[in-house]
Amino acid sequence: METLTELGLLIKYLILGLFQGFTEPIPISSSGHLVILRDLFGLEIKGLSFEILVNFGSLIAVFIVFRKDIARLIRNGLRFIVQKDRDEEAKEDFRFILFLVIATIPTGILGLLFEDMISERLSGVVIVGYTLLITGAALWIIRNLQGKKNDGELTIKDALIVGAAQAIALIPGISRSGATIVAAMLVGMKRETAFRFSFLLYIPVSLGITVLKITDIFTDPNFDTLMIPYAIAFLASIIASYFALKWFANIMAKGNLKYFAFYCFIVGILVIIFL
């Protein structure tokens, strides 16, 4: 009987890791789905160590998918700084890095000020139902937009607006990728630029949270007993995030965000009615 209970727990954490990993890149809120699944499974996961681990799994997947972009930005950014003869490509990539840094600031400030309040008061499953409806409405608004701005045409104002949108996504049910892509499209970015800016912006934020909160993992009183379930969820998150991100890139290129809006509407209404 005990073996069956342990197996059931492993399966639950596997599903949590797969769902978090799959929903992190796509605009339907991974944090919201974790709240819903925890409620359905009857799991009380205290602290942030589990979320830190699975989000780090998604971060690894983003690094893998965008490895060429990251390498180019680092190479050209350094070239712009150290060389006197700066070409246009190096200048453009340096500006892009600068805007990513600027866009990270609102999330860092609001996260430090309101993280505890958000965790305590805005993580209820019914609230997630309503915030999913908000995410769906935002995606519906930009479903037909086709921006004109490419990487070299972004401004500080654009970066701050997208950064503010990412800060709002600290609330479970508000999709991070959805919020940043919606904001990027509203300020006129092309779909490709909006997609790339959104996920490259995920890197410093996720990396910063992981570094700042890594002690939570080692001080988690349940970590020793849940080490294997956590590890399974972590690996599942990497794999699911990788394939979801590749799939979502094709969806973005075709401009089919309306289907994610429909999904958020349906799930949000079901959560409000039944949970």
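We use all heavy atoms of the structure for the numbers below, so side chains are in, but hydrogens, waters and symmetry mates are not.
- Distance CD1/Ile168 to OG1/Thr131: 12.5 Å, rounded to 0.5 Å.
- Using a 4.5 Å heavy-atom threshold, the side chains of Leu16 and Val54 count as separate.
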>> With side-chain hydrogen bond (donor to acceptor under 3.5 Å, both in side chains) as the criterion, how do Ser241 and Ser58 come out once you've worked through the C-alpha distance, each side chain's angles and the decisive distance to 0.1 Å?
In response: CA-CA 5 Å; Ser241 291; Ser58 294; 2.7 Å; yes
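- In terms of heavy-atom proximity, Ile28 sits nearest to Ser175 at N-OG, 3.6 Å.
- For the pair Pro229/Leu10, a side-chain contact is recorded, criterion being any heavy-atom separation below 4.5 Å from C-beta on.
- Here the side chain of Ser206 pairs no donor or acceptor atom with the backbone of Tyr202 at under 3.5 angstrom.
- Two rings, from Tyr13 and Phe50, have their centers less than 6.0 Å apart.
- Closest heavy-atom contact between Leu53 and Phe234: O-CD1, 3.2 Å.
- Of all the heavy atoms in Leu275 and Asp39, the pair that sits closest is CD2-OD2, 3.8 Å.
- Grouping the Ile, Leu, Val, Met, Phe, Trp and Tyr side chains by contacts below 4.5 angstrom, directly or via other members, places Leu43 apart from Leu14.
- Looking only at side-chain heavy atoms (C-beta outward), Ile239 and Phe22 stay at 4.5 Å or farther from each other.
- Stacking of Arg176 on the aromatic ring of Phe199 is recorded, both the 6.0 Å distance cut-off and the 45° axial limit being met.
- Residues Leu59 and Asn55 fail the side-chain proximity criterion, which asks for heavy atoms closer than 4.5 Å.
- Side chain of Thr135 to backbone of Ser29: no donor-acceptor contact under 3.5 angstrom is found.
- Salt bridge present: Glu51 and Arg38 bring a charged side-chain N and a carboxylate O closer than 4.0 Å.
- Using modelled atom types, one side-chain atom of Arg95 and one backbone atom of Leu154 make a donor-acceptor pair closer than 3.5 Å.
- Side-chain atoms of Thr180 and Gln166 form no donor-acceptor pair, as typed in the model, at a separation below 3.5 Å.
- Side-chain contact check for Ile156 versus Ile102: some heavy-atom pair is nearer than 4.5 Å.
- Across every non-hydrogen atom of Ile272 and Val126, the tightest pair is CG1-O, 4.3 Å.
- Formation of a donor-acceptor pair under 3.5 Å by the Arg79 side chain with backbone atoms of Asn76 is not found in this model.
- Closest approach of Ala169 to Ala179, counting heavy atoms only: CB-CB, 4.2 Å.
- Other residues, nucleotides and ligands contribute more than 12 heavy atoms inside 6.0 Å of the CD atom of Glu89.
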Residues 246-271 side chain polar contacts: donor-acceptor under 3.5 Å, at least two apart:
{"from": "Tyr263", "atom 1": "OH", "to": "His33", "atom 2": "NE2", "distance (Å)": "2.8"}

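- Under the 4.0 Å criterion applied to side-chain N and carboxylate O atoms, Arg75 and Asp93 are not assigned as salt-bridge partners.
- Contact check for Arg191 versus Gln146: side-chain heavy atoms found under the 4.5 Å cut-off.
- No more than 12 heavy atoms of other residues, nucleotides or ligands sit less than 6.0 Å from atom CZ of Phe19.
- Annotation: the span from Phe66 atom CZ to Leu245 atom CG amounts to 5.0 Å, rounded to 0.5 Å.
- Arg196 and Asp69 make their closest contact through CD-OD1, 3.2 Å (heavy atoms, listed as atom of the first residue, atom of the second, distance).
- The line from CD1 of Ile142 to CG of Leu139 is 6.0 Å long, rounded to the nearest 0.5 Å.
- A heavy-atom distance below 4.5 Å is found between the side chains of Leu132 and Ile36.
- Judged purely by atom type and a 3.5 angstrom limit, Ser177 uses its side chain to pair as donor or acceptor with the backbone of Pro25.
- A distance of 9.0 Å separates OG1 of Thr210 from CD1 of Ile60, quoted to the nearest 0.5 Å.
- Between the Lys12 side chain and the Phe41 main chain, a donor and an acceptor come within less than 3.5 Å of each other.
- Under the 4.5 Å side-chain heavy-atom criterion for grouping Ile, Leu, Val, Met, Phe, Trp and Tyr, Leu37 is connected to Leu7 within one hydrophobic cluster.
- Ile238 and Leu18 fall into different hydrophobic clusters, where Ile, Leu, Val, Met, Phe, Trp and Tyr are joined by side-chain heavy atoms under 4.5 Å apart, directly or via other members.
- In this structure, CD1 on Ile141 lies 12.0 Å from CG on Asn144, to the nearest 0.5 angstrom.
- Note that the CD1 atom of Ile232 and the CD1 atom of Ile11 stand 9.5 Å from one another [nearest 0.5 Å].
- Lys149 places a side-chain N or O within donor-acceptor distance of the main-chain N or O of Val187, the cut-off being under 3.5 Å.
- A donor-acceptor contact shorter than 3.5 Å is absent between the side chain of Ser237 and the backbone of Ala233.
- Linking Ile, Leu, Val, Met, Phe, Trp and Tyr whenever their side-chain heavy atoms come within less than 4.5 Å leaves Ile203 and Val211 in two separate clusters.
- There is a path of hydrophobic side-chain contacts, each under 4.5 Å, that joins Ile26 to Val35.
- Residues Leu200 and Leu73 form a side-chain contact, since some pair of their non-hydrogen atoms from C-beta on lies under 4.5 Å apart.
- For Glu153 (side chain) and Asn150 (main-chain N/O), a donor-acceptor pair under 3.5 Å exists by modelled atom type.
- Counting non-hydrogen atoms of neighbouring residues, nucleotides and ligands closer than 6.0 angstrom, the CZ atom of Phe63 exceeds 12 such neighbours.
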